[in-house]
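This report refers to the structure that appears directly beneath it.
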Number of protein chains: 2
Amino acid sequence: MASNAVMEETLQVLKDHKLRVTPQRHIILAYLVSHHNHPTVETIRDALSKELPNIGASTIYNTLNTFVDHHLVVELQNGDGSTHYDYFGSPHYHAICTNCGRIVDVTYPGFSETEKSLEEKTAEISGYMISGNHMEVYGLCPECQIKLGIKKND
Amino acid sequence: MASNAVMEETLQVLKDHKLRVTPQRHIILAYLVSHHNHPTVETIRDALSKELPNIGASTIYNTLNTFVDHHLVVELQNGDGSTHYDYFGSPHYHAICTNCGRIVDVTYPGFSETEKSLEEKTAEISGYMISGNHMEVYGLCPECQIKLGIKKND
DNA sequence: CCTTACATTGGAATGGTTCTCATTTGTTAT
DNA sequence: ATAACAAATGAGAACCATTCCAATGTAAGG
Ligand SMILES: [Mn+2]
Ligand SMILES: [Mn+2]
Ligand SMILES: [Zn+2]
Ligand SMILES: [Zn+2]
């Protein structure tokens, strides 16, 4: 279960975004804030089965779509057919395993400059009024490298 | 219809990748090489209805998935629910309109360095063995800016 | 030309996501 | 506190992009 501090924080986030505070929204957001596992709707439903035993799948979809609209949450695909969700509290991007689908967070000093530069150049060239970006990197996670018997430098 | 030169080029591409040369593959690849409209499976099916009146949807999916596996083609989502496909002849990324879904190609001098740097840093930090990346930028296309009556600098 | 491994076909199945609508609930104003 | 209204919820049905399957067709090598 989410800590008291997380519950306070998420309550404030909902209020800041002028979103109606329902138990479902509060609990889902608290779950996302305290878990960086990039869950699917099913994963969330299972994880919250104690706190919200009767929640409908549509409510989870509605809630997550609302969070996405408010840029609280981002959507990710890893090739397994379902959408993964991620609370976007601090800027980062993702490395996605092409073998097992594992998604890990990545950032580095200077990443936000890279981002900003990409957006500025894109605006200049395309004429789009930029509102955001997604960067993803694909490859084999360390575990799959071992599992598949692949040598790094050879 | 695709030009003679395109047909020769795509034939060679298929051979280079040791892909069996079927009319369906050849025509689909030629279509993608000569159109940068980021089509869906339905778009492709409609566009090729003269040349391939009896092609099955599963054949188009199979073909495109094969091309994706061989890194000839990349998949894109623009939020309309279906996957868009793009022949990836030269390195570029995409600006996607959040209002109408329009996808345009972008590149700039130094882009490949940005890409390479992102991949190297990701490998270092995550331990993944990198095989590729996707970068996308979101915003309003020029047409939608006008349609929605949005001023750029104000 | 024969062989065979692989590709195509079309229809059915799948499954993630959205839709519908009756009911409940949160919020704001009185 | 209460009332009134808009918005959210949840169960199930509907949707539809994509995959699966078994039968048929065909490209490519010998
Ligand atoms: Mn993340
Ligand atoms: Mn493109
Ligand atoms: Zn993996
Ligand atoms: Zn647009």
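Here the structure is a predicted model, which means the values were calculated and not measured. A note on names: the letters A, B, ... follow the listed sequences, proteins ahead of strands, and every chain is numbered from 1.
Contacts of Thr40(A) with the nucleic acid, taken as non-hydrogen atoms under 4.0 Å apart, are absent. The residue Val41(B) sits apart from the nucleic acid: no heavy atom pair falls under 4.0 Å. Asp80(A) comes within 4.0 angstrom of nothing in the nucleic acid, heavy atoms only. Here Pro23(A) lies in heavy-atom contact (under 4.0 Å) with sugar-phosphate atoms only.
Considering only the side chain of Ser58(B), dT9(C) comes nearest among dT26(D), dT9(C), dG16(C). Nearest nucleotide to the Arg20(B) side chain, out of dA28(D), dG16(C), dT8(C): dA28(D). Checking dG10(D), dT9(C), dA17(D) against every side-chain atom of Gln24(A), the shortest atom distance belongs to dG10(D).
In this structure, His36(B) contributes its side chain and Ser34(B) its backbone to no donor-acceptor pair below 3.5 Å.
Residues Glu42(A) and Arg45(A) are paired through a salt bridge, judged by an N-O separation under 4.0 Å between the basic side chain and the carboxylate.
In the interface, the side chain of Arg25(A) is not paired with the base of dA8(D) through any donor and acceptor atom under 3.5 Å apart. A donor and an acceptor atom never sit less than 3.5 Å apart when one is taken from the side chain of Thr22(A) and the other from the base of dG26(C). Side chain Thr59(B) to base dA7(C): no donor-acceptor pair is found below 3.5 Å.
Asn133(B) and Tyr93(B) share no donor-acceptor pair across their side chains, judged by distance under 3.5 Å alone. For the 3.5 Å distance criterion, the side chains of His94(A) and Asn78(A) fail to qualify, holding no donor opposite an acceptor.
Rounded to whole Å, the distance from OH on Tyr61(A) to P on dC15(D) is 18 Å.
Between Thr66(A) and Asn54(A), the residue whose closest nucleotide on DNA chain D is further toward the 5' end is Thr66(A).
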